[in-house]
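By convention in this document, chain letters (A, B, ...) are assigned in the order of the sequence lines, proteins followed by strands, and residues within each chain are numbered from 1.
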There are 4 protein chains.
Amino acid sequence: MATDPAPASRPHTGRRRNPAVREAVLRRAADLLAGPDGMAVTIDAIARAAGVSKHTIYRWWPSKGAVLLEAVVEHAQQEVPVPDTGVLAADLSTFLSGTFLAVERAGDLFRALAAEALRDTAAAEGMRAFIAARRERLRALLIQGRDRGELPAGIDLELTMDQIYGLMWYRLLIARTPLTAGLAAQLTQAVIGGARPHAPGPPAPIPATSRDDPGDVL
Amino acid sequence: MATDPAPASRPHTGRRRNPAVREAVLRRAADLLAGPDGMAVTIDAIARAAGVSKHTIYRWWPSKGAVLLEAVVEHAQQEVPVPDTGVLAADLSTFLSGTFLAVERAGDLFRALAAEALRDTAAAEGMRAFIAARRERLRALLIQGRDRGELPAGIDLELTMDQIYGLMWYRLLIARTPLTAGLAAQLTQAVIGGARPHAPGPPAPIPATSRDDPGDVL
Amino acid sequence: MATDPAPASRPHTGRRRNPAVREAVLRRAADLLAGPDGMAVTIDAIARAAGVSKHTIYRWWPSKGAVLLEAVVEHAQQEVPVPDTGVLAADLSTFLSGTFLAVERAGDLFRALAAEALRDTAAAEGMRAFIAARRERLRALLIQGRDRGELPAGIDLELTMDQIYGLMWYRLLIARTPLTAGLAAQLTQAVIGGARPHAPGPPAPIPATSRDDPGDVL
Amino acid sequence: MATDPAPASRPHTGRRRNPAVREAVLRRAADLLAGPDGMAVTIDAIARAAGVSKHTIYRWWPSKGAVLLEAVVEHAQQEVPVPDTGVLAADLSTFLSGTFLAVERAGDLFRALAAEALRDTAAAEGMRAFIAARRERLRALLIQGRDRGELPAGIDLELTMDQIYGLMWYRLLIARTPLTAGLAAQLTQAVIGGARPHAPGPPAPIPATSRDDPGDVL
DNA sequence: CAATAAACGAGACGGTACGTCGAGTCTTATC
DNA sequence: GATAAGACTCGACGTACCGTCTCGTTTATTG
């Protein structure tokens, strides 16, 4: 992901990286993905569309997956708001519908990244790092809500997040069914109102950290 | 998926299809997928490993994705039990842990199929058909349970299934975290105990078929 | 040079090599060499012009040099006569002017091969083998003539051939001056009449095999 | 070949050309050529080895061929003596063995230049100019000798030189057989003793300038 | 039992993308 | 203005995989 080769000891010398190249590549990659035959984008096509030499692309990104990943990151950073109204139901709904909207709009981009990550270990690693960052935001939201008593105390946050993001990726990659604001509301409902029953009956037997593995990924 | 070219009018003439070919291809494809470099399996490699000519593969399967799909179907058919004890909690838990175990064991096979489906429309279509069949089984289980009162009446079955399968595919394709029997139990708990609150208050405003789209896929 | 992969034990199986491919490649390579920008011929260009895939070229020839070499061999085989009138002066003159004419006509082809041989060891090896075969013909002619007394007994044949072929390649590669029939006659004169003086005076002190190395190449 | 960009009207401004650069480039180019993989030397490698920027190389030399050419010229100037004892046999032998020794020692350098000249017209032009200068020296030697009667009057000097240099380049580029002092002596013998028979008979019908083309190259 | 028809192994072939490399140009900052 | 460092374009390289296409052999069915 455009590693900085300057080891900090030497100030920097020689011609600087042209930022227009980076922008053009990422933008054109996203554009091509959105077009017809989006899933069959090639490095050559990106290079041609961006008016950039293939060599230059390979200088800054190790593989096609890395380009897609950086395009996704770029896309996500400017699109998804992180709300904080102090009410979990509202915040969560906003966060999810914002996420869904952004992902839906760049659907082919995300699908292409996932396809690449399924073949290229490095791309998968980068994708997981990106996902972990997004998941961190959601976790913070949920923890706040739980601390305010808006969530059952015994809730398994990781499992809940797995279900939320699982639903999203499932619809995006497999079912290809839409990710709407209505779905975000429904999901919010399910998490807050029904993730764990407050009602009497058999107490929730699941401990706080009941996941089978401690992974942080999402 | 191994189309039968006989047009039914003429009985049959010439040499018969060798069933060993089909078996060898599907078995070797699965084997190779399971090995190192599993995701990079080629048709040539499958042909070589199965002692079969590439031409023969393409005679019976239209594309690489079709081979993977049939291998997955084969795998699923012999692996996953469909229980019916009359108690939803038990049946669901059994069904899910069986599914998770089978999927986990052939992880690379499923991942390769998903990767192919992301590029090849036909493979995606076939995969969705397979998934719809599996989903149908789960739906039958859930409806039975609901009719026996083991599930809240207002539950949105499609959304619930989206969350279940979403979790599964998410862990399989993206997070690469394990799918254990414990997870199956936890999920069963969440669906039965907490999918919707039984507590009084505003009745669940969500209609029976509240999904944003009417698709049957899963 | 289009090695035959059949190890003779197995008769042969599978589709046969398409001879039209070989012909088209060699012919088009020669054509392109003769055109403008001849020295900058690429494998891609040859493939395109021959209506053949690059892959196929690499299947049969290990490198560009090998293609050029085979084109040269093909060219030489059908072009240069090997006379045998029993009179050295006539035979030698005919042989040389035939050689010169053929080489001159396919000048760019020979130059490209030489250029390739200067970079690629394998091409150089093949080229030397081809040259050795041509040199063998010339040697036979000269030995016949010497046995008939048409050449001085003490003549160093290898040195003489080095000078003849040296002149040819020098004009072809370096000086780029023409190789004419007149030059062939002049050279014949020099070899026969003046290679060694028959006249009295200091006897030729050069032994029969005076070359510094025994190489057979030319 | 290291063109001087100063337009002569303005005395000079700014930093002067660093002569160490020129030396380092030419020396390192020759060194690299002599090493393993000599024929595959790149401008980058030369720049790196010389501790010089690529840009600087291209400021002073128009192309890779020009660098090689100047390296060859440099090499030749300091290596090859031009004797003048007043005896052709001695002078010629000395000249040739000196030439052969120098060329042989920097074999890869000469071969690389020839390879470059086969692709780059400008390099070929420069190379021919260099060769013409060398040939001029040899011509002067031969003419002196002829005027002193040490050569047959009817000798075709250009053809003789073509044969001499042809032999040299042939062994250098094609046959890759050594160029020894013994060969120089043998060649001297052939030129002086036997270039044309002194014997009676039909007088040499070849006019003084019998070459098929008037070129001066060698 | 021959003629016919299909299945099959071997492998050649066209197409298309990949990732790498070298030549030569241009830019930035320093000397 | 000369220089080092290095970003950049252009274009060729050789490799890999896909899916299609012969070619000759083997196996079954039909007349």
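- Contact between the side-chain N/O atoms of C:Thr13 and the OP1/OP2 oxygens of E:dG11 is not found at any separation under 4.0 Å.
- What you find for A:Met127 and A:Ala117 is that their closest heavy atoms are SD-CB, 3.6 Å.
- Between the CZ atom of A:Arg48 and the C1' atom of F:dC8 there is a distance of 18 Å, rounded to whole Å.
- OP1 or OP2 of F:dT3 has not a single side-chain nitrogen or oxygen of D:Thr56 nearer than 4.0 Å.
- Below 30°, between 30° and 60°, or above 60°: for B:His75 and B:Phe110 the angle between ring planes is above 60°, a perpendicular geometry.
- In this structure, D:Arg22 is not positioned above the aromatic face of D:Trp60 in the sense of NZ or CZ being under 6.0 Å from the six-membered ring centre and within 45° of the axis.
- We find that CD1 of A:Ile57 is positioned 12 Å from P of F:dC10, with the value rounded to whole Å.
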(message) Protein within reach of the bases, or only the backbone? For nucleotides 15-22 of chain F, mark each nucleotide 5' to 3' as B, S or -, using heavy atoms under 4.0 Å.
(response) BBBSBBBB
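- Summarising the geometry, the separation between CZ on D:Arg119 and P on E:dG24 is reported as 12 Å, rounded to the nearest angstrom.
- Taking each heavy atom of D:Leu32 and D:Ala49 in turn, the nearest pair found is CD1-CB, 4.1 Å.
- Legend: salt bridge (charged side-chain N to carboxylate O under 4.0 Å, His left out) pairs involving residues 43-54 of chain A, not counting sequence neighbours, sorted by first then second residue: A:Asp44-A:Lys54.
- Each of D:Ala50 and A:Gly51 was matched to the nucleotide of DNA chain F holding its nearest heavy atom; the match closer to the 5' end belongs to D:Ala50.
- Applying the 4.0 Å criterion to OP1 and OP2 of F:dA7, one finds that A:Arg17 has every side-chain N and O outside that range.
- Between B:Pro19 and C:Ser53, the one whose closest nucleotide on DNA chain E sits nearer the 5' end is B:Pro19.
- The closest donor-acceptor contact from the side chain of B:Lys64 to the backbone of B:Val41 lies under 3.5 Å.
- Look at CG on A:Asp37: it is 12 Å from P on E:dT16, rounded to the nearest Å.
- With rounding to whole Å, A:Trp60 atom CH2 is found 19 Å from E:dG19 atom P.
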